[in-house]
Amino acid sequence: MTPSDDTHGSEELTSGPLTAVTGASGALGARVAKRLTRAGVPVRLLGRDPSRLPRLPGADTAPAAPYGDGEAMRRALAGAHTLFLVSAHESPDRVREHMTAVDAAVAAGVERIVYVSFLGAAPDATFTFARDHWDTEAHIRVSGVRHTFLRDSWYLSGLPAMTGTDGVLRGPAGDGRVAAVAHEDIADAATAVLLPAGDPAADAAHDGETYDLTGPEAFTLAEAAEELSRATGRTITYVPETREEAYASRSRYGAQDWEVAGWVTSYEAIAAGEMAAVSDAVPRLTGRPAKDLATYLREHPNSYRHLLTED
């Protein structure tokens, strides 16, 4: 069965170049897919488990296509013009999986890749997972395909999520700053990049560009705790751990060493000043201001519901 044989979202697809959206069951991919279909763009939804993909008018659903399965990815991408590539879940093999997906896209004739990377991606980035993004970007660059990189900052949603029910946000971020960004802003910026402009010159405007997607201000985690306190009505505190304390406090999760290193170094990147950049890319691409933490918390009260009852 070809992907277009199963049009779970609609009876008749819209016309125009096909955009394949990966991670379409996730927080970012689903938002982008919805925005594209609302704009009349024909979309193909990709995921490891097709049963979890949303049903959207104007979208068809590909069979299961894990990034690491090159043949499955090539079949799923057949006929696609653009690939929106959301980075895979963290794993020791993530770079290899990304490379396999990119090679499959090239083999399938995909003309453009828009890749969701990470702010400060570099071979020597403090945040270990940011190095994976750099390696993926490098592979896309040499593939010869048209490309755009969206380097997003920390998610605003991560700040309440990483705060314990004891009201403590802990990590080795020191007094560094982070310009965290909302999923909605990333999705809107990505949609602006992905939407066909109508003529070849305009369609190529984003080729070769790297956009840093951040919130409107950089704040310390102590300031984030203060904002969480205002939203929840209880005292939320930030505890700036040492590296040793950070590894010890996360040992109870039983995660593998590489994963814990990623968690810890994500905070250390803040301490090192690598997350403090504030970019105008979101307002420039979307035509509206990026959301700040206070606005995010006001619009998403469920994000901190676990903090409303003290231990």
Side-chain angles (χ1 to χ4, degrees), residues 27-28 87 90 94 116-134 137 149-164 166-183 185-186 210-231 235-251 253 255 257-282 290-297 300 303-304 307:
L28 181 56
S87 54
E90 293 89 356
R94 183 161 70 153
V116 182
S117 185
F118 193 78
L119 188 69
D124 58 351
T126 299
F127 180 33
T128 53
F129 296 156
R131 302 171 197 170
D132 294 349
H133 289 291
W134 172 262
E137 288 183 4
F149 300 142
L150 307 178
R151 291 182 173 178
D152 57 48
S153 182
W154 267 37
Y155 295 138
L156 283 172
S157 60
L159 292 159
M162 291 184 292
T163 303
D166 59 354
V168 178
L169 173 60
R170 47 175 59 85
D175 58 359
R177 294 181 175 271
V178 58
V181 64
H183 279 92
D185 289 339
I186 301 169
T210 297
Y211 296 110
D212 291 343
L213 303 182
T214 74
E217 60 184 355
F219 48 81
T220 67
L221 294 194
E223 291 168 343
E226 292 172 2
E227 198 63 62
L228 283 164
S229 297
R230 284 188 282 272
T235 300
I236 305 296
T237 57
Y238 164 57
V239 173
E241 298 174 307
T242 64
R243 171 179 286 189
E244 292 72 21
E245 290 169 339
Y247 275 97
S249 66
R250 287 155 181 79
S251 63
Y253 295 109
D257 290 348
W258 62 266
E259 187 170 19
V260 179
W263 296 343
V264 172
T265 58
S266 68
Y267 290 92
E268 291 182 327
I270 295 177
E274 295 173 18
M275 303 304 299
V278 176
S279 166
D280 68 349
V282 168
K291 294 183 182 185
D292 59 17
L293 179 57
T295 301
Y296 174 82
L297 294 173
H300 298 275
S303 69
Y304 57 82
L307 302 177

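The aromatic rings of Tyr253 and Trp263 lie perpendicular to each other, with more than 60° between the two planes, well past the 30° mark.
Note: Phe149 CZ to Leu213 CG = 13.5 Å, rounded to the nearest 0.5 Å. Taking CG of Asp257 as the reference point, atom OG of Ser251 lies at 11.0 Å (rounded to 0.5 Å). The NE2 atom of His300 sits 10.0 Å away from the NE2 atom of His183 when rounded to the nearest 0.5 Å. In this structure, the separation between OG1 on Thr163 and OH on Tyr304 is 13.0 Å, given to the nearest 0.5 Å.
Looking at Thr214, its side chain never comes within 3.5 Å of a backbone N or O of Ser153 through a donor-acceptor pair. Under the 3.5 Å distance criterion, the side-chain polar atoms of Ser229 are matched with a main-chain donor or acceptor of Ile236. Thr265 places a side-chain N or O within donor-acceptor distance of the main-chain N or O of Thr128, the cut-off being under 3.5 Å. Between the Tyr296 side chain and the Ser303 main chain, no donor and acceptor come within less than 3.5 Å of each other. No donor-acceptor distance shorter than 3.5 angstrom exists from the side chain of Tyr211 to the backbone of Asp152, with no hydrogens or angles considered. Side chain of Arg131 to backbone of Ala125: a donor-acceptor contact under 3.5 angstrom is found. Judged by distance alone, the side chain of Glu90 and the main-chain N or O of Phe129 form no donor-acceptor pair under 3.5 Å.
Minimum heavy-atom separation, Gly164 to Leu307: O-CD2, 3.1 Å. Between Thr237 and Ala225, the closest heavy-atom pair is C-CB, 3.9 Å. Here the closest heavy-atom approach between residue Ala180 and residue Phe219 is recorded as CB-CZ, 4.0 Å. Scanning all heavy atoms of the two residues, the minimum distance from Ala277 to Ala179 falls at O-CB, 3.3 Å. The two residues Ala276 and Ala218 come nearest to each other via the heavy atoms O-CB, 3.5 Å. Of all non-hydrogen atoms in Ala281 and Asp212, the two that sit nearest each other are CB-O, 3.2 Å.
Proximity of Thr220 to Ile270: side-chain heavy atoms (C-beta onward) are nowhere separated by under 4.5 Å. The shortest distance between side-chain heavy atoms of Val181 and Ile186 falls below 4.5 Å. Contact annotation: the side chain of Phe118 approaches that of Met275 to within less than 4.5 Å [non-hydrogen atoms, C-beta and beyond].
Using a 4.0 Å cut-off between charged nitrogen and carboxylate oxygen, Arg177 and Glu223 count as a salt-bridge pair.
Aromatic pair Trp154/Tyr267: ring centres closer than 6.0 Å.
Of the residues listed (Glu259, Glu245, Glu241), the one engaging Arg250 in a salt bridge (charged side-chain N to carboxylate O under 4.0 Å, His left out) is Glu241, and it is the only one.
Crowding of Asp175 atom CG: a count of heavy atoms from other residues, nucleotides or ligands under 6.0 Å not exceeding 12. For Arg243, the CZ atom counts as loosely surrounded, since its 6.0 Å shell holds 12 or fewer non-hydrogen atoms of other residues, nucleotides or ligands.
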Check the pair Arg94 / His133 against side chain to side chain contact (heavy atoms under 4.5 Å, CB included), numbers first and verdict last. CA-CA 9 Å; Arg94 183 161 70 153; His133 289 291; 3.7 Å; yes
